[in-house]
Protein chains: 2
Amino acid sequence: MLLTTSAEENYLKAIFKISEKDPGPVLTNALATAMGTSAASATDMLKRLSEKQLVAYEKYRGVTLTPEGNRLATSLIRKHRLWEVFLVEKLGFAWDEVHDFAEQLEHVQGDNLTDRLDEYLNHPRFDPHGDPIPDAQGRWIRRPQVRLTTLSPGQKGIVTGVDDHTSPFLQYLDELGIALGVAIELLDRTAYDQSSKVRISGKEYTLSEKASQNLFLRLE
Amino acid sequence: MLLTTSAEENYLKAIFKISEKDPGPVLTNALATAMGTSAASATDMLKRLSEKQLVAYEKYRGVTLTPEGNRLATSLIRKHRLWEVFLVEKLGFAWDEVHDFAEQLEHVQGDNLTDRLDEYLNHPRFDPHGDPIPDAQGRWIRRPQVRLTTLSPGQKGIVTGVDDHTSPFLQYLDELGIALGVAIELLDRTAYDQSSKVRISGKEYTLSEKASQNLFLRLE
DNA sequence: AAATATTTTTAGACTTGTCTAAAAATAAAT
DNA sequence: ATTTATTTTTAGACAAGTCTAAAAATATTT
């Protein structure tokens, strides 16, 4: 059994997420930025992770996860998302309140905890933000994710997820009545700034470009 | 808001527990032993905790918790025990499996988590080992705790708690059918080694002195 | 009260993880 | 192809927490 610290685990997750969006080796600077730290610190950490065989690291060439590193990162994401489901479904937190808790809970170690939690929650396949939850074997379902910005006027979609988990954004969505499962119809798009005119349960709203960009939909 | 590390929190808990059993200042050596570390390390930590005003520490004279330190220690015990209830009641773990998880979960920080968990669990007053759970104000009910070793032959009691949370001991109790709420009648005590002959739901057993010492009962 | 034993503290070193500043390597621009 | 700009690494320092060994304080024994 391999021992990892929370700090190491957070770096692994960051590497995983960056290479998910942007395949290929992750550069030190991108990692440092994602971790909110300096390139020097990232380099230090990459050396440690490399010694533990969790990443393949080549000086100046960036880093990729080894199979073991990938397994660990996937498990962390599984834990994070399961805990988020628990916090929302069982403890009654709002979707904008759970990230920081899950960030800590995902590092709790020990046999079987994750699988029991998964069982208890009835094997949810998506977390409260619509992100897919890997199963015990590390496999997950790809979420239907058409961005609102790609719709043509007149098209309708059901919200399946959000790409920004920050409290202000999620609360802004709450105010508009936007939640997972809600139907949105694109009425029109402002030409000069790409903001969207939409209809949500009968009412019309204007969504900023950023908000439009951060909404994932399944087309109806 | 005061920031504390897990290591600091564990020391605070240890100080709390030692002075619970043995009132008065906690000596460095006792603390080091409880923490499984050296007296030198304990001294180092006491300086840090003292700077943070969590303990009143006088060189060579031992240490006591400040009101703030006491509040924090009590809150940690509350969190630990609530998580244990969750793990046993909701996730279906056995009472000997939950300690290590709770040891990690108790350090999760953030507003409201503990109180929501408490609410969700229906404000339990005792954890799976029979230990009282402090409420949000830090108050708790004292558990009826007569030790089996203090009973006279012929007396009966209901198990209300155990004073040893280790897996081997709890599994030993499982084998004998001893759990919270089970009735035990003391039949006889061996003179030379204080082990106890008992009756549990009709059957007779002999409990070692150590086991007898670690069982708390409410007299019938 | 002096000698001995125990406890506690200090001193110095190590690890993990962080930082800033400087050096080295790579990439981009002329 | 050389200069310039950017990225990355190294070097050295710091903090938290640990350790062992030695020094200092307290307690116990004679």
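Within every chain, numbering begins at 1; the chains are lettered A, B, ... in the order of the sequence lines, protein sequences first and strands thereafter.
Note on A/Arg71 versus A/Glu68: salt bridge recorded, some NZ/NE/NH1/NH2 to OD/OE distance being below 4.0 Å. Here B/Asp118 does not pair with B/Arg81 in a salt bridge; the nearest charged N to carboxylate O distance is not below 4.0 Å.
As a whole-Å value, the separation of B/Asn10 CG from D/dA16 P is 17 Å. Distance A/Glu9 CD to C/dT16 P: 15 Å, rounded to the nearest Å. When the P atom of D/dA16 is taken as reference, atom CG of B/Leu46 falls 15 Å away, rounded to whole Å. In this structure, B/Leu31 atom CG and C/dT9 atom C1' are separated by 14 Å, rounded to whole Å. Across the protein-nucleic acid pair, B/Leu3 atom CG and D/dG17 atom C1' stand 17 Å apart, rounded to whole Å. Summarising the geometry, the separation between OH on A/Tyr60 and P on D/dT7 is reported as 14 Å, rounded to the nearest angstrom. Taking atom NZ of residue A/Lys59 and atom C1' of nucleotide C/dA24, one finds them 9 Å apart after rounding to whole Å. To the nearest angstrom, P of D/dA16 lies 14 Å from OH of B/Tyr11.
Nearest nucleotide to the side chain of B/Lys47, out of D/dG17, D/dT10, C/dT10: C/dT10. Nearest nucleotide to the A/Ala40 side chain, out of C/dT20, C/dT8, D/dT8: C/dT20. For B/Asp44, taking side-chain heavy atoms from C-beta onward, the closest of the listed nucleotides C/dT18, D/dT10, D/dT18 is D/dT18. When distances are taken from the side chain of A/Thr37 to each of D/dT8, D/dT18, C/dT18, the shortest belongs to C/dT18.
In this structure, B/Ala39 reaches the bases: a heavy-atom distance under 4.0 Å links it to at least one base atom across the strands shown. Note on B/Thr28: only backbone sugar-phosphate atoms sit closer than 4.0 angstrom, heavy atoms only; bases stay farther off.
Although no hydrogens or angles enter the test, the distance criterion places a donor-acceptor pair under 3.5 Å between the side chain of B/His129 and the main chain of B/Trp95.
For D/dC19, one of the phosphate oxygens OP1 or OP2 lies less than 4.0 angstrom from a side-chain nitrogen or oxygen of B/Ser38. Close to D/dG17, at under 4.0 Å from its OP1 or OP2, lies a side-chain N or O of B/Arg48. Within the 4.0 Å cut-off from OP1 or OP2 of C/dA25, not a single side-chain nitrogen or oxygen of A/Arg61 is found. Note on B/Ser41: every side-chain N or O is 4.0 Å or more away from OP1 and OP2 of D/dT18.
Counting only heavy atoms from C-beta outward, the side chains of A/His107 and A/Leu76 approach each other to under 4.5 Å.
Mapped onto DNA chain D by nearest heavy atom, A/Tyr57 and B/Met45 fall at different nucleotides, with A/Tyr57 at the one closer to the 5' end. Nearest-nucleotide mapping onto DNA chain D: of B/Lys52 and B/Gly36, the residue sitting toward the 5' end is B/Lys52.
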- Query: Hey, mind stepping through A/Thr4 and A/Glu9 against side chain to side chain donor-acceptor pair (under 3.5 Å) and telling me if it holds?
  - Reply: CA-CA 7 Å; A/Thr4 46; A/Glu9 293 182 347; 2.8 Å; yes
